[in-house]
Number of protein chains: 2
Amino acid sequence: MPKDGERGAGGRVTLQTLADHLGVSRTTVSNAYSRPDQLTAKLRRRILKAAEELGYPGPHPAARSLRRGRAGAIGLVLTETLPYAFGDPYAVNFLQGIAAATEPAGVGLLLLPLSREDTTAEAITGAAVDGFCLFSLPDGHPALTAVLRRRLPVIVVDEPRSAGLPYVGIDDRAAFRSATEHVLDLGHRRIAVAAYRVRFDGHDGWADSARQAGATFPATRERLAGAREACGRAGVDWGSVPVTESAPNEHESGLRAGRRLLGLDPRPTAIVAMSDVLAFGVLEAARELGLRVPENVSVVGFDDVAAAAAADLTTIRQSGKEKAATAARYLLIGEGPESVLLPHELVVRGSTGPPA
Amino acid sequence: MPKDGERGAGGRVTLQTLADHLGVSRTTVSNAYSRPDQLTAKLRRRILKAAEELGYPGPHPAARSLRRGRAGAIGLVLTETLPYAFGDPYAVNFLQGIAAATEPAGVGLLLLPLSREDTTAEAITGAAVDGFCLFSLPDGHPALTAVLRRRLPVIVVDEPRSAGLPYVGIDDRAAFRSATEHVLDLGHRRIAVAAYRVRFDGHDGWADSARQAGATFPATRERLAGAREACGRAGVDWGSVPVTESAPNEHESGLRAGRRLLGLDPRPTAIVAMSDVLAFGVLEAARELGLRVPENVSVVGFDDVAAAAAADLTTIRQSGKEKAATAARYLLIGEGPESVLLPHELVVRGSTGPPA
DNA sequence: TTGTATGCGTTATCAG
DNA sequence: CTGATAACGCATACAA
């Protein structure tokens, strides 16, 4: 009466093959891998040795995962395509933070970039993970639907804020307000804003009030609101403040933004940017035009990435790593409040000063 | 005669729940997801709608993977801990290249950093992937054993070269030889080498000939051999060439290397580094000492990362992206020769010149 | 300490 | 176009 174990010979090597070969039960072999305390060390060695000889690759991950109900990995959903994300220092900071948490926990990190919508949804649907971390997604992005459908633990970093999901970020409105106030306090009146993406359409150019109102990136929306509040308090007409929008978050984008802004007449005396990387581009634009910083133009960044200190850039400090650590802790051990706002801080350096 | 389908009510929502609810067979529901052409669009819509209502999250990835025999992801084994790897521009270039290939293919990218040996081996053993890409692993690292055990397609990038596995890299010996020849041709005779890691032990300091001989990183070994060859041809005694070793590949390491080398008496007039990042550190050390480049000291890098052009650094160009693309192609569609050496090229910029 | 029976949720095959 | 059946490889409760 051959049980199903007998078929082993022809196909691949499984637990059963090994058990048959050794004349023990499947359970024992399984235990050798998953519960070493359930058998003698000697028998275990014998089993592992036979496995080596027969070429048994160890428990099949999918089978084990199916049976155990856990995948042993978390999925990281990123706004941008991976090739780009790896180039963004703020995103990289965040990745480093996530990795620092998953790694010692022996939990895998599955990257799920949002490239084409179809393939992304499919990737999310099929991802063998125990939870998702959403990093900087615009409101209403289809990936969110796909993630929600999976009914797994989810945490949102930065955006979207709308979904009623556990959330970790900063008070973007207050942060950008303080950046704006900084230059207003220095006496600047002709200021301009170099915004990060307002909507998920790759637009690169002016963001008029209509576009600002239709922002689908909550962080951008909040930051603009913060700038408006600061202007209101200082008696500066928000309607007269030029706002330019850039995506993706890279040097070239900032350079274009800087050229646009610094080409205005009258020229702004201070530019508040929504990322350090954009600010670096603005600084280069200033250099191109022979403008001195901060004598001719003050520049404020956002994030305080490593290069900001080297570039002597005034900026708002926030910690991508800290966000990541918080998010990971939640996903890995379900710990922490459902939502948390991390601190931010204005770091004043040499790129800002009073107007000439 | 209730079949097992009837249990649906109490537990989670599966294909069967849905099938029972709709009065169709499991197969039909499965087809709605996996083979849309096997049923009418109308029925399919009805099924998908019911799924939405009942909260069916779609086919369980582990179950599907088990049944299909494919995981839909590839594993990337990295030498360094992730937090570090994301900070290394060469590694990031490589990651970008890998992502550029996996992403459109709808294949997941599972990151498997080598942190503690135990957890790494476990992660590799349990990784739900269809193949592995090994990036810059030292000879004899235990992770290699773990990967081999899985009996899945594997490709090696850069290192190790010893394993007889499909391989993609460059001719490290020739590349570093040409870097060394470049400064020798300029007339330098007191040269020094800022090597990348020689062994996987985190050593940071001088690498004497014994240590060089025991190199477990083949690329480093090859490059040193290339330098020696160049010296031999130019009549420079290799034994008199100081070699310092640095890890990890980051600015600080290069700075330390630079201080060590430039603190020698007599001071080298040319330093050949095994990465641009190390070279940047050396440049900073030179600046610290008030040395002018290339008047007082010439510096050569390796990799030609983006920042090299900005820093006007003479370097060896190799393409991490190209390597990645080749590796991914192999893993994804089994295409390409088993092993391939990609081209490299000396890029002469302003950081090298004749000795004073 | 070891073995037996069962089902995790899916899809391929093949018959209707 | 639809439905029944049989694995996929494993881990667990339970019995021995």
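Residue numbering restarts at 1 for every chain, and letters A, B, ... go by the order of the sequence lines.
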Between the base of dA12(C) and the side chain of R67(B), is there any donor-acceptor pair under 3.5 Å?
no
Could one point to a donor on the side chain of T27(A) or the base of dT12(D) with an acceptor on the other under 3.5 Å away?
yes
Residue pair S25(B) / T28(B), side-chain donor-acceptor N/O under 3.5 Å:
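S25(B) vs T28(B): donor-acceptor pair found between side chains.
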Using heavy-atom distances to pick each residue's nearest nucleotide on DNA chain D, tell me which of V24(B) and R68(B) is more 5'.
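Comparing both residues, the 5'-ward one is V24(B).
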How many whole angstroms separate atom [atom1] of [X] from atom [atom2] of [N]?
X      : N       : atom1 : atom2 : result
Y56(B) : dG9(C)  : OH    : P     : 10 Å
L43(A) : dT1(C)  : CG    : C1'   : 9 Å
L66(B) : dA11(D) : CG    : C1'   : 13 Å
Q16(B) : dT5(D)  : CD    : P     : 12 Å
L18(A) : dG9(D)  : CG    : P     : 14 Å
D20(B) : dG3(D)  : CG    : P     : 12 Å

So, R199(A) side chain and F217(A) main chain: donor-acceptor pair closer than 3.5 Å or not?
no
R150(B) side chain vs T125(B) backbone, donor-acceptor pair below 3.5 Å
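Checking the backbone N and O of T125(B) against the side chain of R150(B), a donor-acceptor pair under 3.5 Å is found.
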Tell me which one of L144(B), L112(B), I74(B), L331(B) satisfies side chain to side chain contact (heavy atoms under 4.5 Å, CB included) with F132(B).
L112(B)
Centroid-to-centroid, Y33(A) to Y56(A), below 6.0 Å?
yes
Hey, is the side chain of [X] poking within less than 4.0 Å of OP1 or OP2 on [N], counting only N and O atoms?
X      : N       : value
S25(B) : dG3(D)  : yes
R26(B) : dG3(D)  : no
R64(A) : dA11(D) : yes

From the options dG9(D), dG9(C), dT2(C), select the nucleotide whose nearest atom is closest to the side chain of H60(A).
dG9(D)
Donor-acceptor contacts, no H, no angles, side chain residues 59-67 of chain A, under 3.5 Å, sequence neighbours left out:
{"from": "R64(A)", "atom 1": "NH2", "to": "S34(A)", "atom 2": "OG", "distance (Å)": "2.8"}
{"from": "S65(A)", "atom 1": "OG", "to": "R70(A)", "atom 2": "O", "distance (Å)": "3.0"}

Base, sugar-phosphate alone, or nothing: which one does L15(A) contact when heavy atoms must sit under 4.0 Å apart?
sugar-phosphate
Tell me which residues in residues 30-40 of chain B put a heavy atom below 4.0 Å from DNA chain D, sorted by number, or none.
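Hits under 4.0 Å, by residue number: D37(B), Q38(B), L39(B), T40(B).
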Look at the aromatic rings of F200(A) and H141(A) and report parallel, tilted or perpendicular, splitting at 30° and 60°.
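Answer is perpendicular, since the angle exceeds 60°.
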